[in-house]
Amino acid sequence: MVQDRKILLSGIQPSGRSHIGNYFGAMRQFVEMQNNHDCLFMIVDYHALNSTRDATVMRQNIIDLATDYLAIGLDPKKSVIFKQSDVPEHTELAWIFDTITTMPFLERAHAFKDAEAKNKEISVGLFNYPMLMAADILLYDTDVVPVGADQKQHVEITRDTAEKFNRIFGDTFKLPETKILSNVAVVPGIDGRKMSKSYGNTIPLFAEDAEIEKLVMSIVTDSSAGVPKNVHEIHKLFRSEADLATLYQSKAGKYKELKELLFADIKAFIKPLREKRKEIAGDVHAVLDVLKRGGEKAKAKASAKMEQVRERLGVKLY
Ligand code: ADP
Ligand code: TRP
């Protein structure tokens with residue numbers, strides 16, 4: 001490990017197929033940053049437990065996400081790729097954070113407020129979710145957390161939690177910074193809401209051509225001055241603003257043609273990724289081996305940190 005490299009950590013829930021929102025909002029930065037950071041990339045399966053309660057689905061989603069990570073170019077020689085449940089220190093530290101955090105503080109979290117506004121049943125796990133995320137990040141002395149804009153608040157909560165712990169028990173945790181790609185705030189889904197696995201409105205990152213075509217053609221066209229907003233927002237991921245300005249001007253009001261052009265661009269972009277993924281998916285054992293080894297490396301780091309935490313708390317007696 002090179003001394004002055006910053007530590008980078010991020011995670012994605014294994015809760016469905018990766019999509020272009022995940023890629024442009026977060027995953028693409030992972031690939032670029034692994035060359036000059038010490039990186040840890042997680043599959044946060046215990047987070048996904050808040051929405052996935054089927055062992056077969058969970059197992060498959062974990063393998064799929066590990067395959068996706070490798071297909072986009074995460075390299076186990078450069079980065080630690082692992083799943084959260086292989087390192088029980090995450091849930092242990094989350095409990096410790098629970099004890100120093102108040103209910104009103106967590107009631108301000110967007111995810112909780114959204115669920116409450118929609119009258120959803122809210123598990124204690126969902127309510128506490130930011131504490132588990134804080135543990136994920138703080139266990140590894142993380143400097144940088146690359147995520148999509150929707151996760152900004154969670155990283156702020158993480159910083160607040162680190163500060164509070166440090167204030168009570170003495171300096172223990174480093175305060176992490178969020179890294180958000182400013183030109184890709186939130187990628188809209190085909191229905192115009194945030195693209196999300198949980199809304200069923202995604203364009204999957206490794207989709208087949210026919211599927212991409214069907215999805216692109218069904219993008220909701222909420223337009224102003226002949227420019228279909230959602231089509232344009234998604235198109236921005238694949239072409240420069242200058243290119244698009246000319247294109248959308250010359251095709252003003254021609255939604256079908258604009259969608260066909262977007263389909264062609266997405267298709268060309270996805271093809272090589274999809275082919276690489278198929279190759280990797282052919283050897284599941286190799287994929288599992290990457291996760292297992294990654295878990296061992298992460299565990300070594302996390303258990304050293306927890307020794308220090310237990311010492312600070314006064315529970316380490318031998
Ligand atoms: P999802 O909402 O699809 O379940 P996750 O919560 O697993 O996605 O998010 C994984 C990463 O992808 C996070 O860093 C998140 O900020 C980013 N991300 C998710 N959806 C989008 C989007 N529509 N636009 C930009 N980034 C996104
Ligand atoms: N909460 C994040 C999401 O839904 C996933 C996540 C969990 C994460 N732990 C993390 C992201 C730690 C970055 C760092 O997208």
Side-chain angles (χ1 to χ4, degrees), residues 7-31 33 37 39-52 61-62 64-65 68-69 72 80-85 87 89-91 93-94 97 109-112 114-115 125-126 128-159 161-162 176-205 230 233-234 236-237 298 302:
I7 299 175
L8 177 150
L9 174 141
S10 197
I12 296 186
Q13 300 194 45
S15 52
R17 293 166 78 190
S18 301
H19 53 77
I20 59 173
N22 297 142
Y23 183 75
F24 288 99
M27 292 162 104
R28 186 179 50 163
Q29 325 180 56
F30 298 176
V31 183
M33 294 176 88
H37 293 77
C39 294
L40 298 121
F41 298 112
M42 274 184 302
I43 294 177
V44 290
D45 45 1
Y46 278 161
H47 278 282
L49 209 48
N50 277 313
S51 56
T52 307
N61 282 348
I62 293 171
D64 283 347
L65 183 52
D68 295 352
Y69 271 168
I72 60 165
V80 180
I81 302 170
F82 72 107
K83 70 179 167 72
Q84 189 183 32
S85 60
V87 187
E89 282 79 357
H90 290 237
T91 43
L93 185 57
F97 289 156
H110 298 316
F112 166 72
D114 284 356
L126 181 71
N128 269 353
Y129 180 113
M131 295 294 96
L132 182 56
M133 182 155 163
D136 295 340
I137 295 170
L138 298 175
L139 262 179
Y140 299 95
D141 292 329
T142 305
D143 296 294
V144 195
V145 185
V147 281
D150 60 317
Q151 294 298 314
K152 188 163 177 269
Q153 189 195 32
H154 286 148
V155 182
E156 280 158 10
I157 293 176
T158 300
R159 290 172 61 93
T161 306
E177 304 285 344
T178 318
K179 175 148 194 318
I180 295 173
L181 273 186
S182 51
N183 54 345
V184 191
V186 174
V187 178
I190 59 170
D191 60 358
R193 293 189 291 167
K194 170 189 128 80
M195 186 176 288
S196 172
K197 282 168 277 188
S198 46
Y199 297 157
N201 63 354
T202 73
I203 299 177
L205 181 57
N230 299 324
E233 279 297 299
I234 297 176
K236 273 195 335 210
L237 306 170

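Hydrogens, waters and symmetry mates play no part in the numbers below; they use all other heavy atoms, side chains included. Small disclaimer: the values here were computed from a predicted structure and weren't measured. One-based numbering, in listed order, for ligands and for the atoms of each.
Here is the list of ligand 1 atoms found below 4.0 Å of a heavy atom in V186: 24 (N). Short contacts between ligand 1 and G25, defined as distances under 4.0 Å to a heavy atom of the residue, involve ligand atoms 25 (C), 26 (N). The distance from ligand 1 to the heavy atoms of M195 drops below 4.0 Å at these ligand atoms: 20 (N), 21 (C), 22 (C), 23 (N). Proximity to I12 (heavy-atom distance under 4.0 Å) selects the following atoms of ligand 1: 7 (O), 10 (C). Using a 4.0 Å cut-off to heavy atoms of A26, the atoms of ligand 1 that qualify are 11 (C), 12 (O), 14 (O).
Considering OG1 of T158 and CD of Q153, their distance stands at 10.0 Å, rounded to 0.5 Å.
Considering only non-hydrogen atoms, atom 26 (N) of ligand 1 lies nearest to G21 out of G11, S198, P14, G21. Looking at L237, V147, D150, it is D150 that brings a heavy atom closest to atom 15 (C) of ligand 1.
Contacts with ligand 1 closer than 4.0 Å are made by heavy atoms of both the backbone and the side chain of S196.
Residues L8 and V145 fail the side-chain proximity criterion, which asks for heavy atoms closer than 4.5 Å. Taking 4.5 Å as the limit, some side-chain heavy atom of D136 sits within range of a side-chain heavy atom of V44. At least one side-chain heavy atom of L65 sits under 4.5 Å from a side-chain heavy atom of S18.
Smallest separation of non-hydrogen atoms from G192 and N230: CA-ND2, 3.5 Å.
Take Y140 and apply the ring pair (Phe, Tyr, Trp, His ring centres under 6.0 Å) test, not counting sequence neighbours, and it matches F82, H90. Contacts of K197 classified as salt bridge (charged side-chain N to carboxylate O under 4.0 Å, His left out), with partners at least two apart in sequence or in another chain: none. In this view, N201 and I190, D191, R193, M195, Y199 satisfy the side-chain contact (heavy atoms from CB on, under 4.5 Å) rule, not counting sequence neighbours.
Residue V187 has at least one nitrogen or oxygen atom sitting less than 3.5 Å from a nitrogen or oxygen atom of ligand 1, judged on distance alone. In terms of polar-atom proximity, A149 is not counted as a contact of ligand 1, lacking any N or O under 3.5 Å from an N or O of the ligand. Between Q151 and ligand 1, no pair of N/O atoms sits closer than 3.5 Å. Between P146 and ligand 1, no N or O atom pair is found at a separation short of 3.5 Å.
At a 4.0 Å heavy-atom cut-off, the residues surrounding ligand 2 are L9, S10, G11, Q13, M42, V44, H47, Y129, M133, D136, I137, V145, V147, Q151, listed by chain and number.
Relative ring orientation between H154 and Y129 is described as tilted, the plane-to-plane angle lying within the 30° to 60° band.
Ion pair K194/D150 flagged as a salt bridge, since at least one NZ, NE, NH1 or NH2 atom sits closer than 4.0 Å to an Asp/Glu carboxylate oxygen. A salt bridge between K236 and E233 is present, with a side-chain N of the basic residue lying under 4.0 Å from a carboxylate O of the acidic one.
Other residues, nucleotides and ligands contribute more than 12 heavy atoms inside 6.0 Å of the CZ atom of F97.
Taking 4.0 Å as the cut-off, H19 counts as a neighbour of ligand 1 on heavy-atom distance.
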